[in-house]
Amino acid sequence: MRAARAVLYGLWTVAFALGLVGVWQRIAYGHTLAGYGSYVVWGLWVAAYAYFVGLSAGSFLFAALVNVLNVNVLRPLSRTALFTALVSIAVALLAVLFDLGHMNRAFEVFTSPNFSSMMTWMVWLYAAYGILLLALMWYERNGNTGMVRALYTVGIPLAIAFPGGGGALFATLSSKPYWHQPLYPIFFVVGALLSGAALMAALASVFWPDRSDMLHVLGRTVLGLIALDLVLEWAEFSIPLWYGVSPEKEVLMQILTGRFWWVFWVVHLVLGSAVPVALLLWRPHHATCVGIAGALTALTFLAVRLNIVIPGQVTPELRGLENAFSDHRLTFSYVPTTHEWLVLLFLVAVGLGALWLGFRYLPLIETREVETHERYS
Amino acid sequence: MAGKELAPLPAAAAGPEADVLLRMQADLRRALEKPVAERRWVMVIDLRRCMGCHSCTIACIAENKLPPGVVYRPVIDEEIGTYPHVSRVFTPRPCMQCDSPPCVPVCPVAATFKRPDGVVAIDYDRCIGCRYCIAACPYNARTFDFGEYYTEDTPALQPYEKAPTYEYGQKRVRSGGASPVGNARKCHFCLHRLEEGMLPACVTSCVGRATYFGDANDPESLVHELIGRPNVQVLKPEAGTMPRVYYLV
């Protein structure tokens, strides 16, 4: 156990150190080392942003479910979910910050906002949500259950609004046929719930391996949400492709059969959906199976986000534009560079480090939950 | 020849029968006498006259000191038909200066806005570089300034790369991460030239006299005449953007 811990600490240190190199590159060289350009303007970091926002909203809604609807079987997870939500949203915003051309002007969204922009709404919602999370942690710590419940109740619409708004951020762009669909906000909310629930299942299997009742409920939740997510995805793909004539056809075929076909088929469908479903059906009470299923779904959800952000930009708005002017920033293909992966590694290391600190120094998985649980039951 | 004075050239006529450049210059002078809000700048591109020389692209780059990856007016080159019945069509693509611009409402800090004369402009000092406007443009008419230089991997960065740009009437030298590095950039109909009574660089450099510019609110102007023709089109009318760049086909 001690050896395993040493290996994990070592891996984290390496990841953090490499990540710092990426951040230094970002500060020293701006965007010059990134792989995106002026036609594919958003890359890995924006996908990571959408991913971490989903994790945050999903985790929060989980904690809210426990506290507002009194789902006591999941009560031990409540504080863990809350803290995970806080860490995830912080990491998401950090990802977006690195993506800005002028990081020092980010405050302009507060000082001179344009409320016709979906992005402005998102930033303001994140700010409100961040304050809510901090207040919740404060009242949780002081044992003020009345305030905790009230804030969770207020937080539910907020935590539905911002992943939904994240979907709307893409969907409102009529220039991109793949993004411009009313299903997107709903898709993003379901994705948030799924990735958040999956992460909770993974954490529960580590910290509460003996709570088979909790693991069972988590496993079933993940199973149901995978099914719902796949139904939505089927609608998203089958409707535009059914007659083979639609503006989205080219993009969808890129996802299914293009250069990165394996991201959809192998990473998302096999590793992120089929294997977790099989594990959850096979051993629904088993901590390792539920944990692996949750971890796989939560981790591979980044592939789902990548398959939204990138393919939406890979078809020229005007035919022939890709050949009109030769420059490596004026192409419709995109592969994240090592620099971008290093920055992502930094974000993940910071997130994991913050979670570790929380688990170590905050009363997230201690006996107080059991006391609260007893008080409610 | 010493001591012999040259006779002055006869004044060039600027009426409807004059060279289009002279006529547009006269149109521009008239427009500048009006308040900004009463001008309606439009561009008309005659695709039948465009020969695909890319002079406009290059003139624009030179005028605005555009770095690698930033282009305001590429020319799309398409081949049509099958041999032996083939032809090529060249479509210059400046910013459409849409009357319903998708790039304006998406900007989270209102750094991009529609001027009273119809030009969609960018406040470089406010733009945060989120690139939402670039994603929103249905014409791919915006590009991001990544802070790169053409000669940065050569023994010496050439002085022309540090020459100032005068876009929006502001003198700026690209250096470090200062704006316009890290900003979205786009064609602005050479506003800085217009304000000084000069036509956009792409118009004056057009070898085939295929690009026309002027005030569509002026019934005497060349562009007013051209956009009333039956063979006038806009790009992607279905996008509902109401472009101010028209094409004669």
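Everything numeric here is computed off the predicted structure, so don't read it as measured data. Scope of the values below: all heavy atoms of this structure, side chains included, with no hydrogens, waters or symmetry mates. Throughout, protein chains are lettered first and strands after them, A, B, ... in sequence-line order, and every chain is numbered starting at 1.
- Side chains of B:Y124 and B:R172: no donor on one and acceptor on the other come within 3.5 Å.
- Looking at A:D327, the atoms closer than 4.5 Å to chain B (heavy atoms on both sides) all sit in the side chain, from C-beta outward.
- Heavy atoms of B:P102 lying under 4.5 Å from chain A are absent altogether.
- With chain B as partner, the option from A:M119, A:H102, A:E108 having the largest number of non-hydrogen pairs under 4.5 angstrom is A:H102.
- Geometrically, B:R131 engages A:Y36 in a cation-pi contact, judged by NZ or CZ lying under 6.0 Å from the ring centre and within 45° of the ring axis.
- Other residues, nucleotides and ligands place more than 12 heavy atoms under 6.0 Å from the NZ atom of B:K236.
- Most heavy-atom pairs under 4.5 Å with chain A: of the set B:T57, B:N183, B:T91, this distinction falls to B:N183.
- A donor-acceptor pair under 3.5 Å is formed between the side chain of A:Q181 and the backbone N or O of A:Y178.
- Ranked by heavy-atom pairs under 4.5 Å with chain A, the first of B:G176, B:A184, B:P108 is B:P108.
- A donor-acceptor contact shorter than 3.5 Å links the side chain of B:Y139 to the backbone of B:L235.
- Heavy-atom contacts from other residues, nucleotides or ligands closer than 6.0 Å to CZ of A:R259 number 12 or fewer.
- Interface remark: B:V71 contributes side-chain atoms only to the contact with chain A (heavy atom separation under 4.5 Å).
- Within the 4.5 angstrom heavy-atom criterion, atoms from both the backbone and the side chain of A:R105 approach chain B.
- Annotation: maximal heavy-atom pairing with chain A below 4.5 Å, among B:D145, B:D77, B:V106, occurs at B:V106.
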Are B:E161 and B:K65 close enough, and set up right, to give a salt bridge (Lys or Arg N to Asp or Glu O under 4.0 Å), and what steps lead you there?
CA-CA 7 Å; B:E161 302 234 47; B:K65 313 292 185 296; over 6 Å; no
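- Ranked by heavy-atom pairs under 4.5 Å with chain A, the first of B:V70, B:V181, B:V104, B:T241 is B:V181.
- When each of B:R126, B:K186, B:R142 is tested with B:T112 by the rule side-chain hydrogen bond (donor to acceptor under 3.5 Å, both in side chains), just one qualifies, namely B:R142.
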I would like to know whether B:R185 and B:Y72 meet side chain to side chain donor-acceptor pair (under 3.5 Å); could you show each step before the answer?
CA-CA 8 Å; B:R185 301 182 67 176; B:Y72 292 171; 3.2 Å; yes
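- With chain B as partner, the option from A:G37, A:S174, A:G30, A:P113 having the largest number of non-hydrogen pairs under 4.5 angstrom is A:G37.
- No donor-acceptor contact under 3.5 angstrom links the side chains of B:Q170 and B:H192, judged on distance only.
- Atom CG in B:L191 sits 9.0 Å away from atom CH2 in B:W41 (nearest 0.5 Å).
- For the residue pair B:T211 and B:R73, a side-chain donor N or O sits within less than 3.5 Å of a side-chain acceptor on the partner.
- By number of non-hydrogen pairs under 4.5 angstrom with chain A, the leading residue of B:A110, B:G147, B:A135, B:C127 is B:A135.
- By a heavy-atom distance cut of under 4.5 Å, A:P316, A:E317, A:L318, A:R319, A:G320, A:L321 are the residues of residues 313-322 of chain A near chain B, going up by number.
- Both the backbone and the side chain of A:D99 have a heavy atom closer than 4.5 Å to some heavy atom of chain B.
- Not a single donor-acceptor pair under 3.5 Å links the side chain of B:R174 to the backbone N or O of B:Y149.
- For B:A136, the parts lying near chain A are the backbone and the side chain together; criterion is any non-hydrogen pair under 4.5 Å.
- Among A:M103, A:K176, A:M122, the residue with the largest count of heavy-atom pairs under 4.5 Å with chain B is A:K176.
- The main-chain N or O of A:G35 is found under 3.5 Å from a side-chain atom of A:E340 such that the two form a donor-acceptor pair.
- When the candidates B:C137, B:P74, B:A111, B:G240 are compared by the number of heavy-atom contacts under 4.5 Å with chain A, B:C137 comes out ahead.
- With a 4.5 angstrom heavy-atom cutoff, B:R93 touches chain A only via side-chain atoms.
- Interface remark: of the candidates A:S117, A:S326, A:A324, A:S117 forms the most heavy-atom pairs closer than 4.5 Å to chain B.
- The contact between A:F332 and chain B is made entirely by side chain atoms (from C-beta outward), counting heavy-atom distances below 4.5 Å.
- Both the backbone and the side chain of B:S179 have a heavy atom closer than 4.5 Å to some heavy atom of chain A.
- Residues B:R115 and B:H188 bring no donor and acceptor atom of their side chains to less than 3.5 Å of each other.
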